[in-house]
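Structure record follows, encoded as structure tokens.
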Amino acid sequence: MKIATWNVNSLRVRLAQLEEWLRRAEPDVLCLQETKVQDADFPVEAFAAQGYQVAFHGQPTYNGVAIAARGPLTDITRGLVGLEDDQCRALAATFAGLRVASLYVPNGTAVDSPRYPYKLGWLEALRAQSRQWLDRNPALVLAGDFNIAPEDRDVYDPSAWEGSVLVSAPERAAFAALIAEGLADALAGEGRDYSWWDYRAAAFRRNQGLRIDHILLGPPLAANFVRGAVDRAARAHPRPSDHAPVVIEVAWPPG
DNA sequence: ATGCCGCGCCCTGCGCGA
């Protein structure tokens, strides 16, 4: 079972790349973020042509999440329980016995921005929602753009980033609280790599990146983790997203 | 210190991203 997540930074702009990438990477389930497409305009046929069923939760201009899978997606839910949010940032569905969530955690903008407490509140709602999901089905996958670099080794220049948004202590504490619910950061060990590089200042060429896109696994999936990696080739593509896909394999169903 | 780039949608400049 191949599980992937990719912040595409506009599905419309990246659709041809994504179609090519699906043929090459062959994920069984793919979580997308920053689709920036409202539901009426979602390119369902492009996915169907490659055998993928889709669920999506989008709005014009900003945000937008989706899940594509090689099989039926059931029990689709939008948003997070207990959180009023007019931004389309969370979508969950059940596929092949897995509970899969595609997540676009708010950026926060800066630690002194009004969007920063919104980010921390959003993360607390995600933690509470994850507790519920795990209690219902421990085969949980949280995949997406978390907009948090969990440790200094996930940052190309930790001293330059110290205390700023994406690395600040409260954000890292919120990430740790998610993990403490019983989730494993799939690429915390082997395969650990940056997942985002700024478009500006030739950041990708200079490998000035951050690891902010993550796949978190519930216990039965973490126990059957096989391998994982960041697909840097996608970031090297002409006119790329600023994020690269994260792809993992788990032995699922087990045995 | 700022912009460096890229996206969307219209204020084709500006907000936003990370």
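Every chain is numbered from 1, with letters handed out A, B, ... down the list of sequences.
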Distance test, side-chain N/O of A/Thr109 to OP1/OP2 of B/dG17, below 4.0 Å: yes
Pairwise C1' distance, B/dC10 and B/dC14 [rounded to whole Å]: 10 Å
5′-ward residue of the pair A/Asp145/A/Arg239 relative to DNA chain B: A/Arg239
side-chain N/O A/Ser10 vs B/dG8 OP1/OP2, d < 4.0 Å: yes
Sugar-phosphate only, base, or nothing, as touched by A/Asn147 at under 4.0 Å among non-hydrogen atoms: sugar-phosphate
5' priority, DNA chain B, between A/Ala201 and A/Asn107 [closest heavy atom]: A/Ala201
OP1 or OP2 of B/dG17 under 4.0 Å from side-chain N/O of A/His243: no
Side-chain donor or acceptor of A/Ser195 paired with backbone N/O of A/Arg211 under 3.5 Å: no
P-based separation of B/dC11 from B/dC16 [nearest Å]: 15 Å
Sugar-phosphate, base or nothing in reach of A/Asn7, heavy atoms under 4.0 Å: sugar-phosphate
side-chain N/O A/Arg200 vs B/dA18 OP1/OP2, d < 4.0 Å: no
Pairwise P distance for B/dG6 and B/dT2, with rounding to whole Å: 22 Å
Below 4.0 Å: OP1/OP2 of B/dC16 and any side-chain N or O of A/Arg115: yes
Flag side-chain contact, heavy atom, 4.5 Å: A/Ser241 against A/Glu34: no
Sugar-phosphate only, base, or nothing, as touched by A/Tyr104 at under 4.0 Å among non-hydrogen atoms: sugar-phosphate
A/Thr5 side chain reached by A/His243 side chain, heavy atoms, under 4.5 Å: no
A/Asp145 CG to A/Ile212 CD1 distance, which is reported to the nearest 0.5 Å: 5.0 Å
Side-chain touch A/Arg232/A/Trp197, heavy atoms, less than 4.5 angstrom: yes
Same-atom distance (C1') from B/dT12 to B/dC7, integer angstrom: 13 Å
